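Just so we're on the same page: letters track the sequence lines, and every chain starts at 1. Values in this document were obtained by computation on a predicted structure and should not be read as measured data.
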Amino acid sequence: MTFRLYDTATREVRDFVPLEEGKVGLYVCGLTVQSEPHVGHVRSGVNFDVLQRWLRHLGYDVTFIRNVTDIDDKILTKSADQGLAWYELAYRMKRELDRAYDALNVAPPTYEPAATGHVPEMIELIQLLIDGGHAYAAADGSGDVYFDVRSWPQYGELTHQRIDDMEAAEDADPRGKRDPRDFALWKGRKDSEPETASWPSPWGRGRPGWHIECSAMAGKYLGSAFDIHGGGVDLRFPHHENEQAQSRAAGQRFASYWMHNAWITTAGEKMSKSLGNSLTIPAVLQKYRGIELRYYLLAAHYRSHVEFSFDALDEAAAGFRRIESFLDRAGDVAAGELPEAFVAAMNDDLGTPAAIAVVYDTVRQGNAALGNRDDATPYAAQVRAMLGVLGLDPADPVWAGAADDQRLTDAVDALVAGLLEQRAQARAAKDFATADAIRDRIKAAGVEVEDTPDGPKWSLA
RNA sequence: GGUGGGUUGGCCGAGAGGCGAGGCAACGGACUGCAAAUCCGUGUACACGGGUUCAAAUCCCGUACCCACCUCCA
C-alpha cells in the first residue's frame, strides 16, 4: 500500500514517489512572527507535524525545513506602533509560537531557518535571476528589484492562472515596474524604516521581498529539487506561485508535490481578520488542554474548512476523554501494531478523520473486552500505537503537567480515600442516604466518584 | 473579471455510483442499592430543479446561497 497525497499543482490525489528512495525533503512555510499565534496558525503546524510523523512511520528519512519570516512590512509597522524594536517584537512572537507548538505537541522540524539569517543567499539568488534576464532593478532609483513575470512563460502554472486574467492589485504602486504583476525580490530601504532593518546589497541598502526567502532557504537546505512543499491555502497565490517561478527561473526543479491546508474560520471569518484575542493559543489553553485542541484539529481533514466553535471543541474534548478513559482502565500497555484500516486511512492523503474512526472502533472493542473481563491488552496496544502516530498519546511525557501535579494528586487521593472509606461503611450497612451524601459532598468539591468492579475511583469532574 | 472550494441527520464531521464512517447529544435496554462509566439497540442525512444509470449524497446540466485567493495573511 502506497502513500498517496493530494497535489495542489495537479489537483489530484496521487502516489507519493520520493526523488530519492527512502528520503523525503519537506519544506513548509512557517509564520510571519508579528502577532500572537491563534488557532488557525497552529492548524498548519499540527497538520504538517502529522505528515512528518507519518512519513517517519513509513520509514522515510525526513528532512523537514520550516521557515520563520522575521522581517516584513507588518513587523515593521506593528513594532513601531508598540514602541518596540522590530527584532524585539519578532523574537517575542517567535517564542510565543514555540510555546504554542510545544503545548500542542508539534515536534520541531529538522531546522527552522529565519529570513534575516539568509540575506546573502537571497542576494545571490536575485543576482542569478538578474543575470538570467528574469529580474531587474527598478528604473526609478528606489533600490527595488523586481521579478519579471513576463520573462517566465510558465508563470501561473501552479495555480492555473493566466497573467492577463489576473487583477492587478489596486494599491499596486508602479514604482518602476514593467508589469503590475511583477513582484519585489528586494525592497530598497525607505527613510521611514529603521537602519537595522536593512542590509547592504548590490542595489543599495534594503531588505528582502517576502517570496525570495523561501526559495533561497529551500534551495539551501533541501537542494534544487525536493519532494513536498506545504503551507496554508492562502499562500498558493501569490506566494507559492512566485516562489516556484523564481526558483525555476533560477534553474531549479523545486518541489514535486504541493500541499495546502484549509482555513479555520470563526463566525465565517478568517481568524486573521476577526476579533482575535479569545482565539489565541494561550487563551484557548486556559480552558482546554493542548491534547484536546490537537485532537479537535485532527478530527477534520486537513483540506477541509473548519468553522471553529467552542461548542464543537467541547464535543471533541468529550469524545477524546472516552479514548483516554479506556486507556486508563486498560492499564499500562505498550504501543503495539497499527490496525490495517488505520494505515489505509492515513495513506489516503492523511485521512485523519477515518483514522480516528478506527481508534473509536478499537476503543469500543476494548471496552467490551473489559466489560467481559477479557483481555483488553491487544486493543489498548493498538490504540496507543494509533494515538502515538497522531501525536495524541496521553501517556506521552510531553503532555505531563507541572512538576507538582503528582504531589497534588497524592494529597487529594489521601483526602478522598478517607471519605470513601466512610462511604463504603455506609453502603455496607445499606445506609444509602449517608453514602450518597458523602458522594455529593465530594462532588461539590469537583471530584467525581465512580464505582467500578475494582472499587470506587475518583476523577476531576 | 480570473482561479479554487463548499452546502451531509439536533450538532460536529467523513465518504465520493450499489451493505447508513466515526464522534457529541437524545431515547430504550443490560449492568448498578442509586448513579457514573461501559456495552447493546434506536435515525428513512446528503442545498434546490432537471437528467444519465438497473442503481446517485456521489456522475452530467442548470439554479440558489456561502467562502477563499488574485494586496499582507496558516
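- For B:G6, the OP1/OP2 oxygens have no side-chain nitrogen or oxygen of A:Ser304 closer than 4.0 Å.
- A donor N or O paired with an acceptor N or O is found under 3.5 Å between the base of B:G33 and the side-chain atoms of A:Asp436.
- When each of A:Ala316 and A:Val363 is assigned the nucleotide of RNA chain B bearing its nearest heavy atom, the one mapping closer to the 5' terminus is A:Ala316.
- Of the P atoms belonging to B:U8 and B:U32, the separation is 43 Å, rounded to the nearest Å.
- No hydrogens or angles considered: nothing links the side chains of A:Gln244 and A:His240 as a donor-acceptor pair under 3.5 Å.
- Nucleic acid contact for A:Thr32: sugar-phosphate only, since backbone atoms but no base atoms lie under 4.0 Å from a heavy atom of the residue.
- Taking 3.5 Å as the limit, the base of B:C24 and the side chain of A:Arg322 contain no donor-acceptor pair of atoms between them.
- Counting non-hydrogen atoms under 4.0 angstrom, A:Val359 reaches nothing in the nucleic acid.
- Between A:Arg427 and B:U32 there is no side-chain polar atom (N or O) within less than 4.0 angstrom of OP1 or OP2.
- Judged by distance alone, the side chains of A:Tyr288 and A:Asp314 do bring a donor and an acceptor atom under 3.5 Å apart.
- In RNA chain B, runs of at least 3 stacked Watson-Crick or G-U pairs (N1-N3 plus N6-O4 or O6-N4, or N1-O2 plus O6-N3, all under 3.5 Å) give these stems: B:1-7 with B:64-70, B:10-12 with B:22-24, B:26-30 with B:38-42, B:47-51 with B:59-63.
- Per the geometry, CG belonging to A:Asp328 stands 12 Å off P belonging to B:U38, to the nearest Å.
- Under the 30°/60° scheme for interplanar angles, the aromatic rings of A:Phe310 and A:Phe308 are found to stand perpendicular.
- In this structure, a donor-acceptor pair under 3.5 Å is absent between the side chains of A:Trp263 and A:Asp234.
- Donor-acceptor pairing under 3.5 Å, judged by distance alone, is absent between the side chain of A:Asp314 and the base of B:C12.
- Between A:Thr159 and B:C70, a side-chain N or O to OP1/OP2 separation shorter than 4.0 Å is absent.
- In the set B:A74, B:A14, B:G33, the nucleotide with an atom closest to the side chain of A:Arg439 is B:G33.
- Annotation: of the two residues near RNA chain B, A:Glu448 and A:Lys187, the 5′-most nearest-nucleotide partner is A:Glu448.
- Ionic pairing of A:Asp349 and A:Arg4 is not present here: no N-O contact between side-chain nitrogen and carboxylate oxygen is shorter than 4.0 angstrom.
- Note on A:Gly371: nothing from the nucleic acid sits closer than 4.0 angstrom, heavy atoms only.
- Using a 4.0 Å heavy-atom distance criterion, A:Arg329 is classed as a sugar-phosphate-only contact.
- The phosphate of B:U3 has neither OP1 nor OP2 within less than 4.0 Å of any side-chain N or O from A:Arg236.
- For B:A36, the OP1/OP2 oxygens have no side-chain nitrogen or oxygen of A:Arg321 closer than 4.0 Å.
- Taking the C1' atoms as reference points, B:A74 lies 40 Å from B:U38, given to the whole Å.
- Put simply, A:Arg364 has a side-chain N or O that comes within less than 4.0 Å of OP1 or OP2 on B:C40.
- Separation of the C1' atoms belonging to B:A55 and B:A16 is 15 Å when rounded to the nearest angstrom.
- Going from the C1' atom of B:G49 to that of B:C65 covers 15 Å, rounded to whole Å.
- Of the listed nucleotides (B:C34, B:U38, B:U3), B:U3 has the atom at the smallest distance from the side chain of A:Gln161.
- At the heavy-atom level, A:Leu370 lies nowhere under 4.0 Å from the strands shown.
- Ranking B:G13, B:U38, B:A74 by closeness to the A:Asn367 side chain, first place goes to B:U38.
- For the P atoms, the distance linking B:U7 with B:C59 amounts to 12 Å, nearest Å.
- The phosphate of B:A74 has neither OP1 nor OP2 within less than 4.0 Å of any side-chain N or O from A:Asn261.
- Across all strands shown, A:His260 has no heavy atoms under 4.0 Å from either base or sugar-phosphate atoms.
- Counting non-hydrogen atoms under 4.0 angstrom, A:Arg373 reaches nothing in the nucleic acid.
- No more than 12 heavy atoms of other residues, nucleotides or ligands sit less than 6.0 Å from atom CD of A:Glu337.
- Among the protein residues, A:Asp361 comes within range of the sugar-phosphate backbone only, with heavy atoms under 4.0 Å from sugar or phosphate atoms but none that close to a base.
- At a threshold of 4.0 angstrom between heavy atoms, the contacts of A:Arg43 with the nucleic acid are absent.
- Residue ring and nucleobase are not stacked for A:Tyr360 and B:G22 under a centre distance beneath 5.5 angstrom and an angle between planes beneath 30°.
- Note on A:Gly351: nothing from the nucleic acid sits closer than 4.0 angstrom, heavy atoms only.
- Every residue was checked against the ring-ring contact (aromatic ring centres under 6.0 Å, His included) condition with A:Phe432, not counting sequence neighbours, and none meets it.
- Looking only at atom types and distance, the side chain of A:Glu213 has a donor-acceptor partner in the side chain of A:Asn67 under 3.5 Å away.
- Rounded to whole Å, the C1' atom of B:U52 lies 30 Å from the corresponding atom of B:G13.
- Relative to the six-membered ring of A:Tyr6, A:Arg303 meets both conditions, a distance below 6.0 Å and an angle of at most 45° to the axis.
- The side chain of A:Glu315 lies closest to B:C12, out of B:A74, B:C12, B:A35.
- Cation-pi geometry between A:Arg178 and A:Tyr136 is met: the NZ or CZ atom falls under 6.0 Å from the ring centre, inside 45° of the normal.
- Here the separation of B:C61 from B:C67, taken at their C1' atoms, is 24 Å to the nearest Å.
- At a cut-off of 3.5 Å, with distance as the only test, no side-chain donor of A:Tyr379 or A:Asn367 sits close to an acceptor on the other residue.
- Using a 4.0 Å heavy-atom distance criterion, A:Phe432 is classed as a base contact.
- Candidate nucleotides B:A74, B:C12, B:C39 were compared by shortest atom distance to the side chain of A:Leu31, and B:A74 ranks first.
- Straight-line distance from the CZ atom of A:Phe237 to the P atom of B:G2: 16 Å, rounded to whole Å.
- Going from the P atom of B:A64 to that of B:A56 covers 26 Å, rounded to whole Å.
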